[in-house]
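In what follows, a single structure is set out as structure tokens and then discussed.
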Amino acid sequence: MIAAFADGVADMGLRVGYIVVALLALAAVDAAAVATAAQPRRIASLNLCTDQLLLMLVPRSRIVSVTDWAVRPESSYMAKAARGLPLNRGLAEGVLPLDPDLIIAGQFNDAAMLALLRRLGYRVEVVSVPRNLNEARAYILHFGELVGEPEAARALVRDMDERLARIARRVRDLPAPLAAVYAPNGVTVGRDTVLDDILTHAGFRNLAAEQGVVGYGQFSLEQLLAAQPQWLVLDVTADDAAGDSIAHRYLEHPALQALVRRAQVVVMPPRLSECVGPMTVAAIEMLVARR
Amino acid sequence: MKATRVLPDRALLPLLLAALLVCFVIALQQGPVALDWRQALTEPRASIHGVILWQVRLPRELLAIAVGITLGLSGAALQGLLRNPLAGPDLVGVTNCAALGAVLTLYFGLAGLAWFALPLGGMVGALVAVLLVFALAGKQAGVLTLILAGMAINAIVSSLIALALNYSPNPFAMSEIVYWLLGSIANRSSADLLAALPFMLAGWLTLLSCGRFLDALSLGEQTAQSLGFAGHRMRWRAVIGVALCVGAAVAVSGNIGFIGLVVPHLLRPWVGYEPRRLLWSSALGGAVLLLAADIAVQRLSPTNELKLGVITALIGGPFFLHLIYRNRNALT
């Protein structure tokens, strides 16, 4: 009797299953009718920066997976929007079961893995993730074409430019104080970087750029102290949840704290500085608001 | 072997102290900023040069001295206790175990619990290793057995350090394996120095109090007993001494190799092969050598500093080979 009952339940489960499948199929037809032929409908992203732009441009229903970084509030500007999506670890295995029709990766994703995905017949697009605001415009527009949302991409760039213009008008007549970016291990940030863009758009002079640093460089504690910046932007790169390290203890050095007491200090959260785009404008607005 | 003139303590120790002082002053001159000494001395807190001298360079070089004393002294003590010319805190695995203890404390959120948590982690690691070494040596192990066992311990423990760092949530953890395996005192602050110094001091005093026992022990286990030394108790005292100072030192400087091996060997002829005298001179000699190594790393790569262990291994490695070559008959 128990067996018969179990059979009945299984049967019912099967029937409910059919109904769900039928409903899903209907929904899929519906979505297909809305999306044009050029629009990929099952997009997966393998890079934190492409994750965030994808979430800004494309409706959630057409995203099948983003990286596990995208949902972390400390590293992702779009953490809230990413919540609930299937997550991958930037690896092929994570996205294959989701049957994506477009896989987006950054230039630093594993090339061998991407080649494998292409051999398996998937459409893989590698975008060059921008390092600064100048590169960001072309990148966003190109990205919009790839995901079939060119109008949304144009609107996003327009919005960024308008906000930047407003900031430029605001800081035009302010003095330009000397600022230094300092990260764990004494890393500083010079020309051709997003943090340099953030500083200069917010009306600061970047100490490292003026001393000839291009990209990321190293500033010893002594050099930083001797240069006496008026502003110190601490790029903490990870929040307290990441725990301790020698690199982070470095920022607690009493001599650095002596400088911290003299200078204006801004902590730059990684969610604003790791990728380039609207989050960059938000970082600039945050700095300007502090002036 | 070349005959070296034995120097009395009243000549040797002032000589080493003078060398220490010279190295200390030279070390304080090193750094990317040309120091304005007058400003640094007259305005220690208000001026940038004052902050650089008193809060950046002085804690660093004082730590160099303390770690150097620890490594030289514990090297001399271990060589005497184990009656093994190839012993050193790093070669028998004590420093690596201390580093593992410190790594587990630092990267998994325990270091913030108390000011002494990090040195404590190092000391627990060091204690485990010294006990292991003495357990091995107690079974009448030959010179070679101990060194091979040390090699195995080092291989296991450095893998465990890598494993622990791999599981740390901090994005910098994995790259910091270089610091733990090769050692550095760059950017160490007065906070690090003060956290480790009490334990290092206690360890030094404990080891220095073992001097007469080491003298007796050099005549053989039986002789030491007949001279009235309780061998068992004295050995425990030495174990605690090594664990205290090496554990605390490694917790704030990583694993700086070979100083504990090289310094006692260089000084042994000068003290007439007396283990007790060797303790004092090796302590000072270790400090001189570590300061010299720190001057070297700062001169060789001013911006992105070399790790101290690179320099000490370049000096100590060939020296180790030389010792093996010289002792090859005793080893086989």
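In what follows, chains are A, B, ... by sequence order, proteins preceding strands, each numbered from 1. Everything numeric here is computed off the predicted structure, so don't read it as measured data. Atom set for the values below is all heavy atoms of this structure, side chains included, hydrogens, waters and symmetry mates excluded.
Other residues, nucleotides and ligands contribute only 12 or fewer heavy atoms inside 6.0 Å of the CZ atom of B/R299. For CH2 of A/W231, the number of neighbouring non-hydrogen atoms (other residues, nucleotides, ligands) closer than 6.0 Å is greater than 12. Within a 6.0 Å radius of CZ in A/R249, other residues, nucleotides and ligands contribute more than 12 heavy atoms.
Taking the side-chain contact (heavy atoms from CB on, under 4.5 Å) definition, one finds that A/L272 meets it with A/Y77, A/M268, A/P269, A/M279, A/A282, A/A283, A/M286, sequence neighbours left out. When the side-chain hydrogen bond (donor to acceptor under 3.5 Å, both in side chains) test is applied to B/Q55, no partner is found at least two apart in sequence or on another chain.
For A/S220, the part lying near chain B is the side chain, with the backbone staying farther off; criterion is any non-hydrogen pair under 4.5 Å. Proximity to chain A is absent for every atom of B/L110, based on heavy atoms less than 4.5 angstrom apart. B/R57 touches chain A through its side chain: at least one heavy atom from C-beta onward sits under 4.5 Å away, while N, CA, C and O do not. Using a 4.5 Å cut-off between heavy atoms, B/W54 does not touch chain A at all. A/E252 does not touch chain B: none of its heavy atoms, backbone or side chain, sits under 4.5 Å away.
Atom CG of B/D192 is separated from atom CD1 of A/I246 by 8.0 Å, given to the nearest 0.5 angstrom. Atoms CD and CD1, on A/Q228 and B/I48 in that order, are 4.0 Å from each other to the nearest 0.5 Å. From A/L256, atom CG reaches atom OG of B/S189 across 11.0 Å, with rounding to the nearest 0.5 Å.
Between the side chains of B/N170 and A/H248, at least one donor-acceptor pair of N or O atoms lies under 3.5 Å.
The closest donor-acceptor contact from the side chain of A/E222 to the backbone of B/V56 lies at 3.5 Å or more, if one exists at all.
Contacts from residues 84-97 of chain A to chain B, taken as heavy-atom pairs separated by less than 4.5 Å, involve no residues at all. For residues 201-216 of chain A, a heavy-atom distance under 4.5 Å to chain B picks out no residue at all.
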TODO: Take B/F172 and A/N185 through the side-chain contact (heavy atoms from CB on, under 4.5 Å) test and state the conclusion after the steps.
DONE: CA-CA 9 Å; B/F172 290 92; A/N185 272 338; 3.8 Å; yes
Full working for side-chain contact (heavy atoms from CB on, under 4.5 Å) between A/Q223 and B/I52: CA-CA 9 Å; A/Q223 286 170 302; B/I52 289 177; over 6 Å; no
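B/S168 is not listed as a side-chain neighbour of A/S245, based on a closest heavy-atom distance of 4.5 Å or more.
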